[in-house]
Amino acid sequence: TLEKATKQIEDIKIIEEKLGLKLLNEKEQIIAEIRLNNVDIPLSQIADILLDEYQIKMSKSSVNRVFISLHELAERLEGKK
């Protein structure tokens with residue numbers, strides 16, 4: 001979990017630096033902020049925070065898909081894809 005979370009944070013920082021998080025959709029922005037503030041929590045807990053604090057119902061796999069799309073965006077911004 002920590003290794004994946006570290007990579008997710010790297011991706012988020014690339015996007016933040018090159019594009020700005022404000023250009024992400026609302027769910028992506030919220031998920032990115034949750035990850036930046038909670039390095040060591042699993043995806044299931046991110047889904048719980050989304051529901052409890054933002055009333056956004058997402059499954060663990062849906063949260064993972066957001067991180068996959070953020071990773072792909074970060075790679076494009078870095079010129080890797």
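This structure is a prediction, so every number in the text was calculated from the model and none was measured. All values below were derived from every heavy atom in this structure, side-chain atoms included, with hydrogens, water molecules and symmetry-related copies excluded.
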*What do the steps show when you test Ile12 against Arg35 for side-chain contact (heavy atoms from CB on, under 4.5 Å), and what is the final call?*
CA-CA 9 Å; Ile12 292 165; Arg35 173 49 80 209; 3.9 Å; yes
*Start with the C-alpha gap between Leu24 and Ile31, add the side-chain angles, then the distance that decides, and say whether side-chain contact (heavy atoms from CB on, under 4.5 Å) holds.*
CA-CA 10 Å; Leu24 300 175; Ile31 290 170; over 6 Å; no
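Residues Leu73 and Glu28 are not in side-chain contact: their nearest non-hydrogen atoms beyond the backbone lie 4.5 Å or more apart.
Every pair passing salt bridge (Lys or Arg N to Asp or Glu O under 4.0 Å) that includes a residue from residues 8-23 is listed here, sequence neighbours excluded: Lys7-Glu10, Lys7-Asp11, Lys18-Glu78.
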Donor-acceptor pairs under 3.5 angstrom involving side-chain atoms of residues 36-57: please list them, not counting sequence neighbours.
residue : atom : partner : partner atom : Å
Asn37   : ND2  : Glu33   : O            : 3.0
Asn38   : ND2  : Ile34   : O            : 2.8
Gln55   : NE2  : Asp52   : O            : 3.3

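Val66 and Ile68 are not part of a single hydrophobic cluster, where members link through side-chain heavy atoms under 4.5 Å apart. Linking Ile, Leu, Val, Met, Phe, Trp and Tyr whenever their side-chain heavy atoms come within less than 4.5 Å puts Phe67 and Ile9 in one cluster.
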